[in-house]
A.B. asks: 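First the structure, which I've put down as structure tokens, then a few questions once you've had a look.
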Amino acid sequence: MPKTLFDKIWDAHLVARRMDGRDLIYIDRHVLHELHAPHAFEQLQKQGRKVPRPDLTFSMQDHTVSTTPGRTDESNPSGAAFLRAMREGSARNGIRVFDLGDPEQGISHVVAPEVGMVLPGATHAVPDSHASTVGGLGALAFGCGTTELAHILATQVIAMKRPKSMRIRLDGALGAHVTAKDVALLIIARLGMAGGRGHVVEYAGSAVRAMAMEGRMTLCNLNIEMGGRSGFVAPDDGTFAWIAGRPFAPKGAQWDQALAHWRTLRSDDDAIFDTEHVIDCDGLEPQITWGTDPSHVVGISGRVPDPASDPKRRATLEGALAYMGLTPGTPLAGLPIDRVFIGSCTNARLPDLEAAAAVVRGRHIAAGVKALVVPGSSTVKRAAEAKGLDKVFRDAGFAWGESGCSMCAGGNGDKGEPGERIVSTTNRNFENRQGPKTRTHLASPATAAASAIAGRIADVRSL
Amino acid sequence: MQPFTTHTGIAVPLLKDDINTDQVAPVQAMRALKPDYKALLFMRARQRDDGSEDPEFVLNQPQFRNPGILVTGNNFGAGSSREAAVWGMLANNIRVIVARSFADIYRENCLQNGLLPVTLAPADAAAFEQRVIAANGSAPFTVDLETQTIRGPGGPDLTFDIAASDRTRLLEGLDDIGLTLKHTDEIKAWEQRMAAAQPWLQTATDSRTNRG
Ligand code: SF4
């Protein structure tokens, strides 16, 4: 029977079926972070359980770390206890920590691919909903909760019911300054917040093939915002070239053997998906959110929608408009803004920073605007500095931070002030996410950079 | 895990779609390693801008101060995977959520913690929501997992579907790790097979140090 790539990876990792009907799926790489792992370590210790495969498990310090230069545990006072508990729990269980000061510290979803831990056809688990970021390299990744995390630590498998499969084919080609972020926002707008629920999504089509690995990761990162259980892109030669030579990637004869296997990782031509969508990306303009969930999206030339035109969701949309301080019919482009954030596991890899820097170079942010760039990892930070991007941003009036999640969820204390309008390259524009009463507009790094310069939401193509 | 057989309590209507875990358990409330899970539930919605209690918010209304069942809309629990959004429910003795639908990770987190996620057939859901609004906290509802029924004021018993495996797990309060560890031999055998067939999956070595 023809198989989807999801079927192939799932079946290869199926260890057993449990008596309650769940499949036990082996986890090849388990990546933890300090906001959730300490609870799981404590749970295991209480139960006297061991971690059988600490060699396949890695700890990252990202959610609560300060982004200020010269940071220590105490730089973010509320983070210190998490950082220490993470260190202790990891040491007790023999797990390597990418700690503060480690040259490769950073956001888990950025670091794991970067060091070559993520391999095509491998399974991943992270106690964070954006785990599927690494699907950009053809890995199958699951976000999980804390109890599930303890379960994986103790058993190296996840117990799941087999999700359904979906394929989203992205046809056409993207224009200048139009990115994977814009495509992802469009998909969430079309399919809705629950459009991917219960499904593992394969992203395919010419627009995906043309994307760099970093763009594919952005695309897969946002899969959760439409409720998808996981999302990935089948690997190709670009993927293999991207992985080759990274520290944790296979070497020598094993690389050749792996490569031969990876070349088989594609959905069979006549494989049947439970759900299929086709989206045309030709002529797509930069996208931006106007409201309080990631499906509240319009093109940059669009206007704030009128809730009256959508009777079913009217109350929700009215609530979103009130929170955002917007009235129906207002053009998005031109709205005055207070702050810009470029960062997060969605959009803080090197090409993201390069795209933003290209817009910013030789310009200065508008008076009254505060702007911050936080590289997705310490490696990205070094690479950007080697190219002089930090100077481009600083000269333009941006602050340049140490790597971490920062203002994405504000777990480290970085946040906006009440009432501020923020253009952010992150993944969630929920109420209060970037600080109490902040108003977040999600967009690409290029759009965020252009908006910082203009002091208003701006169409980067007309700057 | 505490088994779930039946639960009786006041049903509180929070009839909105897409309530996300940032709303259920705001990240700002989780600054401590051991936060007050009872207090963090819907913390932001409970308060007005000046920090005082918002009397409009349903859980602040006198008849809903001690709820046992949350009744809500589509896609409940979207967003972050934070389990505090389930622990906050349990800390408030809410052991059943009746939603039009659940986000995947949230539903998993419920099952891991003995919190029963119920989805009624659409017609029943609408009828049940009306009964909950009409009851307005004056009398409790009882959710019985063995018979898969909801009993309470305003109408006949309603039945709900739940996967047999989820039902067993909740009824017996099965320890998930224990269940899986029964398969330790199969896990070891899988590892051996994979170490031969795709050895790169069974080692994660930093080639610069030859260590993990
Ligand atoms: S950057 Fe944001 S979404 Fe990504 S891991 Fe950190 S908090 Fe989660």
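Throughout, protein chains are lettered first and strands after them, A, B, ... in sequence-line order, and every chain is numbered starting at 1.
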A.B. asks: Could you check whether any side-chain heavy atom of B:L179 comes within less than 4.5 Å of a side-chain heavy atom of A:D20, counting everything from C-beta outward?
C.D. replies: yes
A.B. asks: Please classify the contact of A:H39 with chain B as side chain, backbone, both or neither, using a heavy-atom distance under 4.5 Å.
C.D. replies: side chain
A.B. asks: Could you check whether any side-chain heavy atom of B:L33 comes within less than 4.5 Å of a side-chain heavy atom of A:P38, counting everything from C-beta outward?
C.D. replies: yes
A.B. asks: Chain B heavy atoms under 4.5 Å from A:L14: which part of the residue, side chain, backbone, both or neither?
C.D. replies: backbone
A.B. asks: Where on A:R17 is there a heavy atom nearer than 4.5 Å to chain B: the side chain, the backbone, both, or neither?
C.D. replies: backbone
A.B. asks: So for B:D185, is it side chain, backbone, both, or neither that comes closer than 4.5 Å to the heavy atoms of chain A?
C.D. replies: neither
A.B. asks: So which of A:M117, A:R53, A:H36 has the largest heavy-atom pair count under 4.5 angstrom toward chain B?
C.D. replies: A:R53
A.B. asks: Can you say whether A:M193 sits under 4.5 Å from chain B via the side chain, the backbone, both, or neither, judging by heavy atoms?
C.D. replies: both
A.B. asks: Pick whichever of A:P163, A:G21, A:A16, A:G192 has the most heavy-atom pairs under 4.5 Å with chain B.
C.D. replies: A:A16
A.B. asks: Need one label for B:N113: side chain, backbone, both or neither, based on atoms under 4.5 Å from any heavy atom in chain A.
C.D. replies: side chain
A.B. asks: Between B:D206 and A:R96, does any NZ, NE, NH1 or NH2 come within less than 4.0 Å of an OD or OE carboxylate oxygen?
C.D. replies: yes
A.B. asks: Answer with side chain, backbone, both or neither: which region of B:N20 has an atom nearer than 4.5 Å to a non-hydrogen atom of chain A?
C.D. replies: side chain
A.B. asks: Quick one: closest heavy-atom pair of A:R197 and B:F102, and the distance?
C.D. replies: CD-O, 2.8 Å
A.B. asks: Please flag which part of B:Q202 lies under 4.5 Å from any non-hydrogen atom of chain A: side chain, backbone, both or neither.
C.D. replies: both
A.B. asks: Who wins among A:P247, A:S78, A:G143 for the most heavy-atom pairs under 4.5 Å with chain B?
C.D. replies: A:P247
A.B. asks: Does A:E104 come within less than 4.0 Å of B:R208, counting only side-chain N to carboxylate O?
C.D. replies: yes
A.B. asks: Pick one of side chain, backbone, both or neither for B:R82, based on which atoms fall under 4.5 Å of a heavy atom in chain A.
C.D. replies: both
A.B. asks: A quick test of your reading: do over 12 heavy atoms of other residues, nucleotides or ligands sit less than 6.0 Å from CG of A:D256?
C.D. replies: yes
A.B. asks: Does any part of the side chain of A:Q257, heavy atoms only, come nearer than 4.5 Å to the side chain of B:P199, both counted from C-beta?
C.D. replies: yes
A.B. asks: Are more than 12 heavy atoms from other residues, nucleotides or ligands located less than 6.0 Å from atom CD of B:E53?
C.D. replies: yes
A.B. asks: Select one option (side chain, backbone, both, neither) describing which atoms of B:E108 are under 4.5 Å from chain A's heavy atoms.
C.D. replies: side chain
A.B. asks: Determine, for B:D166 against A:R22, whether the closest basic-nitrogen to carboxylate-oxygen distance falls under 4.0 angstrom.
C.D. replies: yes
A.B. asks: Under 4.0 Å between a Lys/Arg side-chain N and an Asp/Glu carboxylate O for A:R18 and B:D176?
C.D. replies: yes
A.B. asks: Would you give the length of the straight line joining atom CG of B:N109 to atom SG of A:C144, rounded to the nearest 0.5 angstrom?
C.D. replies: 8.5 Å
A.B. asks: Contact part of A:T316 toward chain B, heavy-atom cut-off under 4.5 Å: side chain, backbone, both or neither?
C.D. replies: neither
A.B. asks: So does A:R49 pair up with B:D175, basic N to acidic O under 4.0 Å?
C.D. replies: yes
A.B. asks: Can B:K34 and A:E42 be counted as an ion pair, charged N to O under 4.0 angstrom?
C.D. replies: yes
A.B. asks: Let me know if A:L44 has heavy atoms under 4.5 Å from chain B in its side chain, its backbone, both or neither.
C.D. replies: side chain
A.B. asks: Is A:E431 salt-bridged to B:R44, going by a charged N under 4.0 Å from an acidic O?
C.D. replies: no
A.B. asks: How many angstroms lie between atom CD of A:Q156 and atom OG1 of B:T180, to the nearest 0.5 angstrom?
C.D. replies: 12.5 Å
A.B. asks: Do you know which of B:A164, B:A197, B:A189, B:S101 has the most heavy-atom pairs with chain A at a distance under 4.5 angstrom?
C.D. replies: B:S101
A.B. asks: Measure distances from A:K161 to the heavy atoms of chain B and classify the residue's part below 4.5 Å as side chain, backbone, both or neither.
C.D. replies: side chain
A.B. asks: In terms of relative ring orientation, are B:W190 and A:Y26 parallel, tilted or perpendicular, with 30° and 60° separating the classes?
C.D. replies: parallel
A.B. asks: May I ask you to name which of A:A154, A:G227, A:A81, A:A258 has the most heavy-atom pairs under 4.5 Å with chain B?
C.D. replies: A:A258
A.B. asks: Could you tell me whether A:R428 and B:D22 have a side-chain N and a carboxylate O separated by less than 4.0 Å?
C.D. replies: no
A.B. asks: Heavy-atom pairs under 4.5 Å with chain B: which of A:R29, A:E148, A:E225, A:H130 has the most?
C.D. replies: A:R29
A.B. asks: Could you tell me whether the side chain of A:H151 and the main chain of B:Q112 form a donor-acceptor pair under 3.5 Å?
C.D. replies: no
A.B. asks: Any side-chain heavy atom of B:I105 within less than 4.5 Å of one from A:F142?
C.D. replies: no
A.B. asks: With only heavy atoms counted, which part of A:A85 is less than 4.5 Å from chain B, the side chain, the backbone, both or neither?
C.D. replies: side chain
A.B. asks: Please check if atom NZ in A:K251 has more than 12 non-hydrogen atoms from other residues, nucleotides or ligands closer than 6.0 Å.
C.D. replies: yes
A.B. asks: Pick one of side chain, backbone, both or neither for A:P436, based on which atoms fall under 4.5 Å of a heavy atom in chain B.
C.D. replies: both
A.B. asks: Please flag which part of A:R313 lies under 4.5 Å from any non-hydrogen atom of chain B: side chain, backbone, both or neither.
C.D. replies: neither
A.B. asks: Are B:W200 and A:F248 close enough that some pair of their side-chain heavy atoms sits under 4.5 Å apart?
C.D. replies: no
A.B. asks: Quick one: are A:V15 and B:H183 in side-chain contact, heavy atoms under 4.5 Å?
C.D. replies: no
